[in-house]
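Letters A, B, ... mirror the listed sequences (proteins, then strands); counts begin at 1.
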There are 2 protein chains.
Amino acid sequence: MAPGTRDALIEAAADLLDRGGVEAVTLRAVGHQVGVSHNAPYKHFANKEALLAAIAAREATRLVTAPHGEDTPEAALRRTMHDYVTWALEHPARFRLVFGPWTTESPELAAAAHAAHTRLIGTVAAAQRSGVLPTGDPERAASLVRALAHGAADLALAGHLAADGKGHADPHQLIDDLLDHLRTATAATRPAHGGGQEGR
Amino acid sequence: MAPGTRDALIEAAADLLDRGGVEAVTLRAVGHQVGVSHNAPYKHFANKEALLAAIAAREATRLVTAPHGEDTPEAALRRTMHDYVTWALEHPARFRLVFGPWTTESPELAAAAHAAHTRLIGTVAAAQRSGVLPTGDPERAASLVRALAHGAADLALAGHLAADGKGHADPHQLIDDLLDHLRTATAATRPAHGGGQEGR
DNA sequence: ACCTGAACACCGTTCAAGT
DNA sequence: ACCTGAACACCGTTCAAGT
């Protein structure tokens with residue numbers, strides 16, 4: 001498998017990223033941690049941004065590859081969104097790297113993001129069919145749910161959510177609030193035929 | 001009024017920020033644009049972050065100070081959220097500065113943010129009373145609406161919303177979608193008594 | 001009270017060499 | 001094919017002076 005200094009560079013950079021944020025990942029520190037000179041990375045990546053993009057691609061691929069237990073459509077959607085903010089809160093720097101603006105075009109990163117997007121649309125479409133999400137373009141509904149989770153996570157990370165420290169607006173609560181309201185709205189516009197799924 | 005090089009520094013920094021993002025605002029460039037040495041800013045700000053915080057505070061104050069026309073509660077809420085994303089899309093760097101993580105404590109910035117938060121809660125509470133938003137803690141409902149607008153703006157700025165270029169998920173559309181759904185959900189849980197407000 | 005010039009430590013990036 | 005050392009341009013920040 002060869003020594004694989006390229007993987008070692010990514011690993012070291014990800015470690016520095018988790019430990020001190022994106023400002024802590026410097027080519028000199030990365031090289032030092034791997035035991036290599038500070039410009040050795042240029043033999044494996046075009047520049048620093050390409051290295052960061054490689055971290056983002058690795059992380060995004062892992063997220064998409066992670067197994068999803070089989071649940072009812074609504075539970076699957078809820079868990080997907082909760083997992084999203086849980087991951088964001090645990091790994092702020094990775095979150096910003098993957099879902100922030102991309103300065104470098106990375107085919108793997110784009111592919112992973114597209115796969116995640118496609119899977120979410122499928123989950124949303126299933127939830128729509130089971131009557132817990134309003135009908136309409138599944139992509140549009142997916143964007144709605146995704147935008148809320150993203151905004152809740154981003155505001156929480158920035159410290160702009162719980163204004164009075166009373167825990168008034170936990171990101172997880174906001175996700176449940178949204179899905180509850182959407183289910184209520186869906187039930188209202190549907191011709192009442194029993195009350196939807198009560199499958200446990 | 002004195003020459004006011006402090007204000008000139010803020011103005012120049014904001015100009016550089018709009019033009020080339022936060023990475024373009026360098027103390028040397030700021031000083032040069034004002035016609036002063038590159039360490040003159042240290043006579044007015046503790047460091048670079050304090051200068052950026054001053055920009056954020058000025059911007060946040062302007063946002064809160066901006067006049068709000070008098071509308072029906074629902075229209076006021078809708079306009080507030082649309083204005084939020086319009087501003088974010090027009091001034092991405094300012095948006096990230098004001099609503100991103102604060103690295104420096106700025107009393108003015110905190111005060112402006114608190115004022116904006118308080119006003120939004122008032123708008124939300126009025127919308128709740130008029131029956132277009134679900135009842136419950138106004139702060140919680142405000143956070144829901146705010147998180148969606150923030151997430152939609154942030155994803156759009158990062159280029160992660162319109163996946164297929166078909167304009168499937170415009171941030172403004174998502175805001176209207178959310179408020180439409182919330183109104184529907186509210187009408188459903190309310191004892192029907194005519195259909196809510198049709199006040200013009 | 002405000003500003004300057006030189007200096008320091010730290011970056012990303014390039015390049016001529018080395019194996 | 002991969003790596004090194006020196007060098008360059010650019011940062012934020014500090015400090016001894018100047019007025």
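- The residues R58(B) and E11(B) are annotated as salt-bridged, a charged nitrogen and a carboxylate oxygen being separated by less than 4.0 angstrom.
- Of the inter-residue distances, the one linking T186(A) atom OG1 with H181(A) atom NE2 reads 12.5 Å to the nearest 0.5 angstrom.
- Hydrophobic clustering (ILVMFWY, side-chain heavy atoms < 4.5 Å, transitive): M81(B) and I121(B) are in distinct clusters.
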Kindly list each side-chain donor-acceptor pair under 3.5 angstrom involving residues 19-32 of chain B, sequence neighbours excluded, with atom names and distances?
from	atom 1	to	atom 2	distance (Å)
R19(B)	NH2	D15(B)	OD1	2.9
R19(B)	NH2	D15(B)	OD2	2.8

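- In terms of the ring pair (Phe, Tyr, Trp, His ring centres under 6.0 Å) criterion, residue partners of H82(B) (sequence neighbours excluded) are, by chain and number, H172(B).
- Grouping Ile, Leu, Val, Met, Phe, Trp and Tyr residues whose side-chain heavy atoms lie under 4.5 Å apart, directly or via other members, places W102(A) in a hydrophobic cluster with L109(A).
- With P as the reference atom, dC2(D) and dA17(C) are 22 Å apart, rounded to whole Å.
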Tabulate atom names and distances for all N/O pairs under 3.5 angstrom spanning the protein and nucleotides 1-4 of chain C.
from	atom 1	to	atom 2	distance (Å)
dC3(C)	OP2	H44(B)	NE2	2.5
dC3(C)	N4	K43(B)	NZ	3.0
dT4(C)	OP1	S37(B)	N	3.4
dT4(C)	OP2	S37(B)	N	2.5
dT4(C)	OP2	S37(B)	OG	2.9

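- In this structure, H150(B) and F99(B) have perpendicular ring planes: the angle between them is above 60°, well past the 30° mark.
- Across the protein-nucleic acid pair, F45(B) atom CZ and dT13(D) atom P stand 13 Å apart, rounded to whole Å.
- Within the 4.5 Å cutoff, the side chain of Q128(A) has heavy atoms near those of the P138(A) side chain.
- A salt bridge between R78(B) and D180(B) is present, with a side-chain N of the basic residue lying under 4.0 Å from a carboxylate O of the acidic one.
- Paired runs in DNA chain C that reach 3 or more consecutive Watson-Crick or G-U pairs, where each pair keeps both distances under 3.5 Å, cover C:4-8 with D:12-16, C:12-16 with D:4-8.
- Look at NZ on K48(A): it is 14 Å from C1' on dC10(D), rounded to the nearest Å.
- Note on D170(B) versus R140(A): no salt bridge recorded, every NZ/NE/NH1/NH2 to OD/OE distance being 4.0 Å or above.
- A heavy atom lying under 4.0 Å from DNA chain C marks the following residues of residues 13-34 of chain B, by number: R28(B).
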